[in-house]
Structure formats: C-alpha cells, structure tokens
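These notes are about the structure you will find just below.
These values consider heavy atoms only, across backbone and side chains, with no hydrogens, waters or symmetry-generated copies. Residue numbering restarts at 1 for every chain, and letters A, B, ... go by the order of the sequence lines.
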Amino acid sequence: MGDYVRQMPHQGSSDLAERPSTAMRFHIDVPLLLLLLALTAYGLFVLYSASGQSMGAVIRQGRYFAVAYVIMILGAQVSLQRYMRWAPWLYLAGVGTLLAVMFFGVGAKGAQRWLQIGGFRFQPSEIMKLVVPMAVAWYLADRILPPRFKFVLIALALVGLPALLILQQPDLGTALLIAASGLFVLFMAGIGLRYIFGAAVLAVASAWPAWVFVLKDYQKQRILTMLDPESDKLGAGWNIIQSKTAIGSGGWQGKGWMQGTQSQLDFLPESHTDFIIAVLAEEFGLRGILMLMSLYLLILLRGFWIGLRAQTSYGRMMAGSLTLTFFVYIFVNMGMVAGLLPVVGVPLPLVSAGGTSVVTLMAGFGILMAVSTEKRTVAQGM
Amino acid sequence: MPQHITLKDPHRESRIYSARTVAAIAIVLALLAVILTRYYALQITEYETYRTQSDRNRVQLQPLPPKRGLIYDRNGVLLADNTPSFILSIVRERVSDLDATLTALQGLLPISAGDLENFQKKLQRRRPYEAVPLRFRLTEDERARLAVNRYRLPGVVVDAQLLRHYPHGALFSHALGYVGRINEREAFELDESDYRGTFHVGKVGVEKYYEDILHGEVGYQNVESNAHGRVLRVLERHAPVPGADLTLHLDIRIQRAAVEALGDRRGAVVAIDPLTGGVLALVSTPGFDTNLFVNGISSKDYSALRDSLDVPLFNRAIQGQYPPGSTVKPMMGMAGLESGLVTTESTVPDPGWYRLPGDSRRYRDWILRIRGTGHAPRVDLNMAIAESCDVYFYDLARRLTIDRMHEYMSPYGFGERTGVDTTSERSGVLPSTRWKREAMGQVWYPGETISAGIGQGYVLATPMQLAMATSVLASKGQRKTPRLVSSIDGEPVAAPLLEPLVAKDEHWLAVYEGMREVVHGKRGTAKYLSKGIEYDMAGKTGTAQVIGIAQNAVYNEDEVAERHRHHGLFIAFAPMEAPTIAVAIIVENGGGSSAAAPIARAVIDTWLLGEAG
C-alpha cells in the first residue's frame with residue numbers, strides 16, 4: 001500500500017502514486033471490508049440458530065446485508081468535500097422530517113417514529129445518526145480547533161435539536177446514539193477537558209430532574225428492572241433474567257451451535273434481534289464472545305487508524321465520530337443484555353436481525369472508506 | 001477579531017486529534033474490559049449457578065403417580081378400577097397474569113368456587129413449575145374448547161389421569177368405602193413425596209384401611225420442556241410401582257342377594273366363612289353411589305345423603321350398635337353348660353315371667369303376651385333356644401352374674417372391635433360391673449343382669465360382632481379376626497388367629513341342636529324358613545326394642561310409628577354338619593325376627609346352592 005507516500009502528498013509524482021490499486025480506485029478500504037465480511041458472516045451463522053433454524057430469516061438478513069454493502073460502496077465513492085457541502089442541507093431536511101414526524105408521523109407500540117409516504121415507511125431518526133455528526137463536523141471543520149466557546153455552544157445546539165425531537169417520539173435509544181455521535185465530533189475536535197468534566201458534572205446533576213421530568217414510566221421501569229431484575233421475575237425482569245441465564249449457562253465452551261436450551265426452547269425473548277448476543281454467549285460460550293469482541297475491536301482500531309491518517313479536519317472528525325458511535329452500539333447492547341445497562345432498543349451492530357440499523361451502519365462505513373481513500377484523490381487534485 | 005489573525009494550524013490539530021484518538025482508544029478498551037469482565041463473571045465465575053438455572057428452566061421433575069391397585073371379589077369380578085379422566089392444571093410459573101387466565105378459563109368451562117378454593121390452597125404448597133390441578137373430569141367438549149384456545153392460555157395444561165371408578169356403585173358402598181380428593185388435613189398427614197401427582201386417597205373402608213398397599217410407589221421423570229410448558233422429550237424416567245391388587249372374600253352374588261332381600265328396608269347383613277374368617281358379604285342399606293365422592297361430591301348431593309332420615313352414609317354393619325336380643329341365647333347357653341350351672345337335662349319352671357328373689361318386679365317372657373302363659377311348665381336348654389324362652393335365660397343370667405357373663409361372652413367378640421380390616425368399626429357394649437362403673441359411674445343392679453341375659457339392657461353389638469360370634473359358634477370355638485381381603489397381588493392373606501374358645505364338644509352339639517330346631521323344629525321361632533330347604537341350618541331369632549332414634553332429629557307423624565317398631569334380628573350358620581357360612585342380619589324397625597330370617601335363607605341359599613337358590 002502507498003501509505004507512506006500518502007503521508008507526503010507533495011511527492012505525488014512517485015511511481016507508487018502513479019499506479020493506484022483497484023481497491024484504491026474504487027475507494028475500498030480492504031482491511032475494513034474483510035473485517036466487516038467476517039463479522040456479518042459470523043452474524044448470519046448465529047442468526048440461523050437464534051431464529052430457530054430459519055433459513056428464511058438468514059436469507060432475509062443476507063438481503064439486507066447485500067443492500068447495505070452496495071450502499072456502503074456507493075457511499076465510499078462520494079468525495080468528502082461533497083459530504084461536507086451536503087451536510088447543512090441534509091441537516092435542515094432531517095430536522096424538517098423530524099418535525100413532520102412529530103405532526104404527521106405514524107407509530108407503533110406507543111412511539112411515533114415513522115413517516116408514511118405512499119406505501120413506504122421511513123424512519124428519519126435513523127438517517128440523523130449520520131447527518132448530525134456530518135453537520136457538526138461541517139460546522140467545525142473550517143474553524144480553528146479546538147473550537148472556541150461560542151462555536152461549542154452552537155455545535156451543541158446542532159446536536160440538541162434533533163436529539164430532543166427524537167427523545168419526545170419517544171425513542172431514548174436513538175436520541176442517545178444521535179447525541180453521542182454529535183458529541184464525539186466535538187470530543188475529537190479537541191474541546192477542552194473543562195467541557196468534558198463540566199458535561200460529566202452536568203449529567204450527574206441532571207439525573208434527578210431527568211428522572212422526575214423527562215423519563216417516561218416505562219423507561220424508569222427499565223432502569224429499576226436492570227438494578228433488580230428479581231423484583232419482577234415474570235414481568236419486566238423476565239427478559240434480563242433469561243438473558244443472564246443464557247449467557248452464564250454458556251460457560252467457556254458454550255452448549256454448541258443450535259444447542260442453546262435458553263434460546264432454542266423460547267426462554268430467551270427477542271433472541272434474534274436485540275438479545276442475539278445471549279444466543280451467541282450460550283451456544284459459543286465466552287470463546288465466542290471473545291471472538292466477536294476481537295472482530296469488533298479490530299474494526300474499531302481500523303476506524304481510529306483511518307481517522308489518524310485522514311488529511312482534513314472534516315475527515316478526521318467524521319472517522320472518529322463514526323467509530324465511536326459504532327462502539328456505543330456494541331457497548332450498550334452487550335451491556336444491556338448482560339444486565340449492566342437498562343434495556344434500550346439498541347441492536348448488536350451487524351449481528352442482530354433487522355434492516356434499518358444495518359443500512360445506517362454500513363452507510364457510515366461507506367463514509368469511513370471515503371475518508372480512508374480521500375487523500376489520494378485530494379493529493380492527485382493538488 | 002482575533003480569530004482572523006490566528007490561522008488554522010494543521011500540525012497542532014493533527015497532534016490534538018492523535019491525543020484524542022489515544023484517549024478514545026483507552027476509553028474503548030476500558031469499557032470493553034468492563035463488558036468482558038461482566039461476561040467473564042457470568043460465564044466463568046457464576047457458571048454453575050446459571051447452568052443450574054437454565055437446567056431448571058428446561059428440565060422439570062414430573063411425578064409419575066402410581067396406578068392404584070384394583071379390587072376384585074372372590075370370583076374375580078372387578079369392584080374398583082381406574083378409568084382415564086382429564087384434568088385441567090396450571091403451571092403458575094408460566095402464567096404471567098393468573099387472574100386473567102382464570103377469568104379466560106371461566107369463560108370456557110364451568111369452574112366452581114370450591115375448585116378455585118382447592119386450587120388456591122394447592123398453589124401455596126406447590127413446587128416450582130409443578131402443575132396444580134384446577135378442574136377434574138373434563139368433558140370431551142371442554143377439552144376441545146381448551147385445545148382451540150390453547151395458544152392464548154400459556155401455562156394451562158390438560159393431563160389424563162386415572163381415576164377411581166366403582167362399577168357396582170351402591171352395591172359395595174359400605175364394603176369397599178371410597179377414595180376422594182386429598183383434603184388439607186390429609187395433605188398434612190400423608191408423606192408429601194409419596195403423593196406427588198396423586199390427588200386421591202382412600203377415605204373410608206377397605207380403600208382407606210389398605211391405602212398403603214393400594215397406593216403403590218410414586219415414580220418420576222425428568223422432562224425437557226420449552227418456555228410455553230410443552231414437553232419436548234423425556235430425559236430420565238423412574239417408573240412408578242403400581243399399587244397391589246386386592247382380592248376380597250366378598251362374593252358379589254351373596255352381596256347382591258343380601259341387598260335384594262333387604263330391599264328398601266334399612267338394615268345390615270354380614271356373612272363370614274367360619275373356616276377362613278373371610279367376610280363373604282358386608283351390606284348396609286341404604287347404600288349410596290361411591291363414585292359421587294371420587295371427585296368431590298357436590299354440596300347438593302352431599303346434603304341429600306347427610307340429611308336423609310335413612311342415614312345412608314352410616315355403615316350399619318360395623319358402626320350400627322343394636323341390642324342383640326335373643327340372638328345371644330346360644331352363646332348364653334354355652335356359658336351355662338360350660339359353667340356347669342345348667343345341663344342339657346336341667347329345667348327351669350316357666351310361668352311366663354320371672355322374679356328375682358326378694359323382688360316383686362316381674363320380668364316377662366315375650367310369649368306371655370301371646371299365650372298368656374309360659375312355653376311349658378318346665379323348659380330345658382333345647383326348648384329355651386328353639387322357642388327362645390326368656391325365663392330360662394333370666395334364671396341363667398341371675399345365677400351366672402354379669403361379670404361371669406362378661407367372661408363367657410367376650411370370646412365371641414362382644415364388647416370389643418372385631419378388628420375387621422376396614423375403618424370406623426365400633427365396639428358395641430358387653431356390660432360388666434366394671435364397665436358400668438367406668439362408663440357411667442354407677443353400681444350394677446341385679447335387675448340389669450336379667451335383661452342382659454336376653455341381649456337387652458346395656459348389651460349392644462354390631463352386625464359384624466354378631467356374625468363373628470356366630471362364626472365362633474359354628475366353628476366350635478375357632479376364633480379368627482374377620483378379614484375382607486383374601487389376597488394381595490395373588491398372595492393369600494390369612495385371617496389372624498385368636499386364642500380358641502375351648503368347650504366340650506357335647507355342649508356345642510347341644511346348642512347346635514337347639515339352633516337347628518329354631519329352623520327345623522315343629523315349634524321353632526323361625527320354622528317357616530325350613531320350607532323347601534335343602535340343607536340343615538342352625539339359626540337364632542332376635543328382636544330388639546327400639547328406645548329412640550338418636551341420629552334423627554326430624555321425622556313426621558307417619559314415620560314415628562314405623563320407626564318405633566322393633567328391630568328384627570337373625571343369626572344362622574349352615575350347613576350344620578360342616579358350616580361354611582355364618583350370617584348376622586338386622587332389619588331396622590322390621591317388627592320382629594321374621595323380617596330378618598328370610599334374608600338369611602336367601603343369603604345362605606345363594607352361597608350353598610349357587611345363584612339358582
């Protein structure tokens with residue numbers, strides 16, 4: 001690879017730069033692609049068992065993956081400048097659709113999250129997971145970093161507006177993920193430690209008012225259940241007791257593929273979606289968990305590496321934010337299934353069955369690939 | 001403005017970014033370590049706990065109730081068997097909202113308040129994941145309705161179970177007793193592990209006496225089932241040991257003959273084989289359908305049985321204590337001969353009444369009312385038995401005294417439970433001075449000895465005791481505890497032998513002759529029985545005066561008269577040369593022994609001559 005060369009863009013006339021690899025030409029980050037392929041293959045393998053040996057479920061999920069890979073690769077072809085140019089407009093459109101959801105949206109299970117256009121259902125909050133960091137990065141990219149107080153405030157407003165709109169849908173999980181993705185941009189932009197500590201203090205201080213004024217009853221219940229699942233064994237605590245039992249009974253070796261009694265005998269709820277890690281833990285044991293974590297860690301490290309090599313502030317901030325957001329998925333999902341965090345609707349990235357999060361995540365990896373292969377284009381343009 | 005002067009510094013920004021990346025990686029690693037620690041704790045440190053919990057989730061120990069032993073009569077006729085019945089149970093752990101489920105079930109099939117109450121009680125004592133019965137005896141229609149609605153009733157289980165069934169219903173009600181649902185007190189007394197999965201227990205009679213033998217041993221199986229409670233496979237199985245089958249001495253033919261002969265009268269018949277001590281018939285009428293009790297009798301049916309003037313739930317054969325009347329005369333005669341107070345030749349003058357020396361009160365002979373005189377100027381033992389002379393026995397009783405009478409009569413089984421293998425037997429009364437002192441705190445009066453001599457006064461005996469006494473008489477003093485059960489799982493069970501009553505053979509024969517003349521003699525009190533008889537029968541009539549009806553508080557005018565009539569009694573054994581059956585019969589308010597004696601003939605005919613007889 002021409003990594004060394006790309007570190008010195010002004011030597012663009014060297015032989016290596018003259019012959020970009022096929023992967024480079026198509027803006028593919030090969031290590032990242034291989035890791036993602038390994039992860040999604042592992043995910044399908046687990047899903048087959050978790051869905052009760054349903055080949056239909058695997059094919060459906062495979063189709064989602066196929067669409068998602070295409071979107072990722074298409075997304076990688078778009079130059080970062082273009083993403084930056086689009087950012088404010090996408091942001092405005094996104095906030096607009098969120099407002100539309102608030103007034104005209106359709107809902108399910110007591111939450112109003114979708115927009116119905118013809119026969120097509122569309123969840124604007126999902127797109128905002130990408131649009132919010134894009135917008136914050138756009139806002140900060142041309143400024144001197146670390147940003148001054150005024151810009152930090154404006155950036156926070158850019159994050160806060162969509163996050164609050166989603167929070168009232170209500171969709172706490174997505175709101176937190178979107179807020180995190182925006183805040184990660186600020187973090188990577190190098191905002192002072194005093195902001196970070198300030199935010200931490202504020203978060204702790206706001207816990208009480210949030211409990212009283214913001215959190216809905218069912219959300220409070222989830223937190224209480226996490227703290228003491230035994231208090232409601234057959235009700236809200238059931239999920240968490242069963243998932244912990246599934247995980248714990250897997251031991252080091254696991255019970256074997258399709259041999260998990262918790263998952264195969266329907267004791268584990270949501271076994272193919274949000275709680276799929278419990279199936280993996282039960283059937284493949286701690287070994288399987290370590291393998292999954294290794295894959296995730298390599299993807300994360302690759303993401304950080306891409307950020308470190310990025311040439312522009314915009315690319316750097318996007319890479320850092322997308323990588324950290326990916327991590328939040330992992331942390332929240334694995335934590336909630338193991339009873340460390342309250343149950344919020346966050347899937348295990350690229351493993352849980354479902355199309356929406358897969359497409360968003362892979363689109364994010366597309367942007368990451370665009371960052372990864374950006375310099376060459378920029379360098380050539382210079 | 002300062003920011004116009006300060007330019008972007010790519011190197012500084014890059015440096016800051018690198019530092020932030022390092023920090024981010026550090027945080028990511030730290031948090032992943034937290035997650036990993038958690039998974040390590042669950043999967044390695046607490047592995048055993050969760051492994052056990054997951055096994056407990058999927059594997060359940062199911063009790064396998066044993067099949068209750070069957071009961072046959074001596075001819076192999078099935079008297080108690082088990083028929084499949086369907087039970088609706090609930091596994092509490094699989095039901096999220098019990099009230100909603102119960103409401104839904106009530107919409108599908110009738111569930112009584114009693115069912116619910118029993119269910120709630122059992123719910124408190126269940127083991128985790130144990131199915132608690134709610135409704136028994138589901139009809140086919142109810143099962144179909146449950147099957148259709150099964151998807152919305154998680155945790156609701158329908159199981160087949162064998163349930164006791166009495167094919168002959170009322171015919172054997174008092175002979176067999178019945179099983180019923182285990183009640184709270186019984187649940188407390190029974191060994192809980194032996195009765196896992198068993199909902200019934202013997203309540204009275206043979207069913208209760210032989211409970212341990214009939215019940216068998218509980219087995220169990222480990223089954224794997226899913227979250228909805230559906231059993232997927234059996235992992236391990238320990239088969240239950242079925243209860244032993246009982247064969248009784250009872251003979252359905254005699255039982256039926258006795259019930260038919262009694263008809264709609266209240267009474268009791270007990271027949272014993274003197275050779276074995278086996279009980280050939282145990283009848284108390286009216287009976288009742290024991291099947292009603294198997295699954296909890298309805299309160300309407302129960303109050304009908306409980307409040308009936310005829311007290312059908314009362315087992316007259318072993319609980320009914322009646323004055324035996326003149327039926328004690330053969331045993332009294334034996335006492336006179338053995339004590340030497342009388343001989344076969346000695347006589348007593350009989351003016352039709354008897355007076356204690358120094359007392360003006362006259363004790364009348366029953367014949368005085370009819371003939372205005374005694375049986376004969378002088379009466380010997382033979383005539384005293386054959387014609388049931390009271391005066392002869394008044395005199396004997398006086399000379400014997402009550403305590404010696406007690407001594408001579410006890411070996412026949414009077415005054416204490418016979419120990420027959422069934423429940424709720426009563427002991428009757430064989431009075432003595434000591435008995436009166438202890439039971440009533442009073443001294444014995446000589447006049448009381450006189451009535452005791454003819455089986456009246458304080459003397460009380462159950463039909464079972466009378467039958468045993470007759471059997472002792474018939475076998476010349478061989479004493480055996482009466483037995484209903486002849487074999488357990490084909491293994492014969494002998495009646496426990498008691499110390500025999502030793503008496504001179506000629507004494508036995510003398511008494512036998514008197515009893516033979518009761519039936520076959522010209523002036524026998526039951527001479528009408530001998531018409532067309534094909535064997536020699538020894539019998540003795542008896543009449544018991546009714547003082548009052550204690551059990552019944554309410555009765556109407558017409559019935560008062562009927563219920564004040566004398567009880568008719570009769571004891572008999574046959575054939576005389578080698579007796580194989582001894583019977584005792586009482587017909588309440590039968591008027592006299594003539595109500596009872598034909599029943600003995602019917603019973604003995606059936607036994608000796610077969611059904612044609």
Practice task
Return the option, out of B:I25, B:I44, B:D9, with the maximum number of heavy-atom pairs under 4.5 Å with chain A.
Solution key: B:I25
Exercise for the section: Check whether any side-chain heavy atom of A:F326 sits under 4.5 Å from a side-chain heavy atom of A:P349, and report yes or no. Expected result: yes
Problem - Which of A:D142, A:I330, A:I247 touches chain B most, by non-hydrogen pairs under 4.5 Å - result: A:I247
Exercise for the section: Could you check which of B:I27, B:V28, B:I16, B:D55 has the highest count of heavy-atom pairs closer than 4.5 Å to chain A? Expected result: B:V28
Problem - Side chain / backbone / both / neither for A:Q264 at chain B, heavy atoms under 4.5 Å - result: neither
Problem - Over 12 non-hydrogen atoms of neighbours within 6.0 angstrom of NE2 in A:H272 - result: no
Exercise for the section: With a 4.5 Å cut-off on heavy-atom pairs, point out which of A:V337, A:L290, A:L297, A:L308 contacts chain B the most. Expected result: A:L308
Fill in the blank from the handout: Cut-off 4.5 Å, heavy atoms of chain B, and the answer for A:L341 is neither
Handout entry: Structural part of B:R58 lying under 4.5 Å from a heavy atom of chain A
Key = both
Problem - Under 4.5 Å from any heavy atom of chain A - which part of B:L36 - result: both
Practice task
Check step by step if side-chain contact (heavy atoms from CB on, under 4.5 Å) holds for B:V156 and B:L88.
Solution key: CA-CA 7 Å; B:V156 172; B:L88 169 66; 3.2 Å; yes
Problem - Side chain, backbone, both or neither of A:F327 within contact of chain B (heavy atoms, under 4.5 Å) - result: side chain
Exercise for the section: Would you mind checking if A:E283 and A:K255 are paired as a salt bridge, meaning a charged N to carboxylate O distance below 4.0 Å? Expected result: no
Problem - Heavy-atom donor-acceptor pair, A:D274 side chain to A:L348 backbone, under 3.5 Å - result: no
Handout entry: Donor-acceptor contact present, side-chain A:S321 to main-chain A:M317, <3.5 Å
Key = no
Exercise for the section: Using a cut-off of under 4.5 Å on heavy-atom pairs, state which of B:Y47, B:Y39, B:Y17, B:Y50 scores highest against chain A. Expected result: B:Y17
Problem - Side chain / backbone / both / neither for A:M334 at chain B, heavy atoms under 4.5 Å - result: both
Exercise for the section: Output yes when a side-chain donor or acceptor of A:Q262 lies under 3.5 Å from a complementary backbone atom of A:T245, and no otherwise. Expected result: no
Exercise for the section: Sort A:L268 into side chain, backbone, both or neither according to what part of it lies under 4.5 angstrom from a heavy atom of chain B. Expected result: neither
Problem - Residue part contacting chain B, namely of A:I191, when any heavy atom lies under 4.5 Å - result: both
Completion exercise
Bottom line for A:L300: the part with an atom under 4.5 Å from chain B's heavy atoms is side chain
Exercise for the section: Go through the steps for A:S313 and B:E13 under the test side chain to side chain donor-acceptor pair (under 3.5 Å), then give the verdict. Expected result: CA-CA 8 Å; A:S313 301; B:E13 286 184 14; 2.8 Å; yes
Problem - Part of B:E224 within contact of chain A (heavy atom distance under 4.5 Å) - result: side chain
Handout entry: Geometric cation-pi criterion A:R143 and A:Y139, 6.0 Å radius, 45° cone
Key = yes
Handout entry: A:L324 portion near chain B, given a 4.5 angstrom heavy-atom threshold
Key = side chain
Problem - Under 4.5 Å from any heavy atom of chain B - which part of A:I289 - result: side chain
Practice task
Determine, for A:K244 against B:E46, whether the closest basic-nitrogen to carboxylate-oxygen distance falls under 4.0 angstrom.
Solution key: no
Problem - Geometric cation-pi criterion, B:R137 with B:F86: 6.0 Å, 45° - result: no
Handout entry: Contact leader toward chain B among A:F187, A:Y296, A:F184, A:W252, where contacts are heavy-atom pairs under 4.5 Å
Key = A:F187
Exercise for the section: Among B:I35, B:T21, B:N57, B:L42, single out the residue with the greatest number of heavy-atom pairs under 4.5 Å to chain A. Expected result: B:N57
Problem - Residue part contacting chain A, namely of B:L31, when any heavy atom lies under 4.5 Å - result: both
Practice task
Measure up the A:F149 and A:Y195 rings against each other and bin them: parallel (under 30°), tilted (30 to 60°), perpendicular (over 60°).
Solution key: parallel
Exercise for the section: Tell me, for B:T52 versus chain A, whether the close heavy atoms (under 4.5 Å) come from the side chain, the backbone, both or neither. Expected result: neither
Problem - B:E236 atom CD: more than 12 heavy-atom contacts under 6.0 Å - result: yes
